[in-house]
Number of protein chains: 2
Amino acid sequence: MATQQRRERERAQRETLIVTAAREMAETDGWPAVTIRRLAERIEYSQPVLYSHFAGRGAIIDAVALQGIAELTEVFRAARAGAAPGGELAAVVQAYLDFSTAHPALFEAIFTLAEGLPFGADAPETLKAAFAELFAVFAPLAGDRDPDALTEVGWAAVHGLAALDRDGRLRPDLREQRMAVLLGLFAKD
Amino acid sequence: MATQQRRERERAQRETLIVTAAREMAETDGWPAVTIRRLAERIEYSQPVLYSHFAGRGAIIDAVALQGIAELTEVFRAARAGAAPGGELAAVVQAYLDFSTAHPALFEAIFTLAEGLPFGADAPETLKAAFAELFAVFAPLAGDRDPDALTEVGWAAVHGLAALDRDGRLRPDLREQRMAVLLGLFAKD
DNA sequence: TAGGAAATCTAGCGTTGCTAGGAACATGAA
DNA sequence: TTCATGTTCCTAGCAACGCTAGATTTCCTA
């Protein structure tokens with residue numbers, strides 16, 4: 001009876017151990033270095049144990065991505081809460097860009113590696129919460145435009161900046177001016 | 001004397017054979033299916049031959065990406081040339097999005113797989129030409145803003161839409177409205 | 001036609017994700 | 001306490017990967 005619960009507790013504990021280990025390894029050595037073998041050695045279990053928790057390497061990456069999305073949401077919330085009135089957009093956009101440079105491996109997991117995360121209607125709550133944060137910033141600027149569409153375009157613009165900048169495809173010396181241009185595009189006039 | 005030239009000609013021929021084979025395999029079966037072994041079998045040479053042309057698998061992907069960028073540039077040019085006056089922006093943006101959905105493997109090679117392409121000052125001509133096409137569309141809309149920064153932001157916005165849409169992270173039913181919003185943001189008022 | 005250089009192949013190393021099958025363990029009943 | 005049962009875990013190994021050393025064949029030149 002009670003042992004069953006203890007086991008489940010220990011299993012859940014080990015599962016988060018795997019996820020955090022994968023994340024730490026990715027952040028220090030990059031995702032290619034996160035192999036099942038190394039992961040198994042790190043958590044001091046054999047490789048098949050990992051497959052009793054996750055369907056495969058991809059599922060582990062997905063789990064890290066989901067955790068990253070939750071953190072990103074929290075970062076958004078904090079940025080919005082700490083912003084001066086009217087400065088919410090700038091604060092959240094800056095938070096997005098800062099997050100991508102501070103946690104490149106996490107960003108990579110979320111936006112280029114994760115493949116098993118369901119989107120759309122049956123997306124996990126974590127994911128909807130992240131979009132809701134963006135919506136809260138962009139929707140007030142919509143005017144007579146569709147607030148959802150505006151939010152998606154705003155997201156795309158910020159995300160594009162983060163992604164292209166991360167790959168070194170934008171001029172570093174224009175970073176501030178890009179920010180100014182972006183804010184100018186969306187600012188309520 | 002002349003044999004030397006013939007050999008170089010044949011080598012160049014075989015090199016493009018490799019690149020187009022890699023591209024075709026990627027477009028039909030996805031990039032993970034493009035392995036050195038399969039590529040070698042496809043071009044009917046042994047594996048080491050591939051390494052006499054390219055430093056490794058990554059370099060082959062880079063070559064496909066560069067070829068894709070050249071095509072993308074041509075698509076931009078055609079879209080801009082065929083657009084009605086004032087409709088250049090819409091035409092090029094639509095061309096970008098169409099390209100990403102029509103050639104997902106190429107898009108992936110260019111923006112998430114390529115790692116050896118130099119950017120910035122010493123970027124290949126092909127790459128500068130692509131940006132120049134975008135610049136030609138966005139710069140006229142700059143007004144008193146920095147035209148380079150505006151182009152980069154515009155590129156980021158379109159690219160973000162393409163990338164997020166490709167991963168199924170945007171609502172399909174809002175596609176047209178996103179386009180309208182985006183054009184509205186950049187349109188000269 | 002013989003010799004040397006260039007091009008190409010065979011074979012194999014180390015690593016990867018993943019899995020089958022057996023060993024060790026904890027659990028509940030007698 | 002002892003034994004049977006069911007769960008948990010590990011050892012060992014498969015197929016495939018990128019890549020490379022060294023032998024072999026092919027080609028050109030003299």
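Numbered from 1 within each chain, the chains take letters A, B, ... in sequence-line order. Only a predicted model underlies this, so the values are computations on that prediction, with no experimental measurement involved. Every heavy atom of this structure was used, including side-chain atoms; hydrogens, water molecules and symmetry mates were not.
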Integer-rounded Å distance: [N] [atom2] and [X] [atom1]:
| X | N | atom1 | atom2 | result |
| --- | --- | --- | --- | --- |
| A/Ile61 | C/dG17 | CD1 | P | 9 Å |
| B/Ile36 | D/dA15 | CD1 | P | 22 Å |
| B/Leu39 | D/dG18 | CG | P | 9 Å |
| B/Leu50 | C/dC9 | CG | P | 10 Å |
| A/Glu41 | C/dT15 | CD | C1' | 14 Å |
| A/Asp29 | C/dT15 | CG | P | 16 Å |
| B/Arg38 | D/dA15 | CZ | P | 16 Å |
| A/Glu10 | D/dT7 | CD | P | 17 Å |

Are any of the side-chain heavy atoms of A/Asp146 and B/Val181 separated by less than 4.5 Å?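 Sidechains of B/Val181 and A/Asp146: no contact.
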Nucleotide N/O to protein N/O under 3.5 Å, stretch nucleotides 8-12 of chain D:
{"residue": "D/dC9", "atom": "OP1", "partner": "A/Arg14", "partner atom": "NH1", "Å": "3.2"}
{"residue": "D/dC9", "atom": "OP2", "partner": "A/Arg14", "partner atom": "NH1", "Å": "3.3"}
{"residue": "D/dC9", "atom": "OP2", "partner": "A/Arg14", "partner atom": "NH2", "Å": "3.1"}
{"residue": "D/dC10", "atom": "OP2", "partner": "A/Ser46", "partner atom": "N", "Å": "3.0"}
{"residue": "D/dC10", "atom": "OP2", "partner": "A/Ser46", "partner atom": "OG", "Å": "2.7"}

Residue pairs passing the ring pair (Phe, Tyr, Trp, His ring centres under 6.0 Å) test where at least one lies in residues 27-76 of chain A, sequence neighbours excluded: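 Non-adjacent pairs meeting ring pair (Phe, Tyr, Trp, His ring centres under 6.0 Å): A/Phe76-A/Tyr96.
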Rounded to the nearest 0.5 Å, what separates atom CZ in A/Phe111 from atom CG in A/Leu106?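 Answer for the CZ-CG pair, A/Phe111 versus A/Leu106, is 10.0 Å.
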Could you work out, with side chain to side chain donor-acceptor pair (under 3.5 Å) as the rule, every residue matching A/Gln47, not counting sequence neighbours?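 Expected list: none.
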Cluster question for you: counting only ILVMFWY and a side-chain heavy-atom cut-off of under 4.5 Å, with indirect links fine, are B/Leu174 and A/Phe138 together?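 Shared cluster, no.
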Counting only side-chain nitrogens and oxygens, does B/Arg37 get under 4.0 Å of the OP1 or OP2 atom of D/dC19?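 Answer is no, no contact under 4.0 Å.
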Between B/Phe107 and B/His103, ring centroids under 6.0 Å: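 No, they do not, as the ring centres are separated by 6.0 Å or more.
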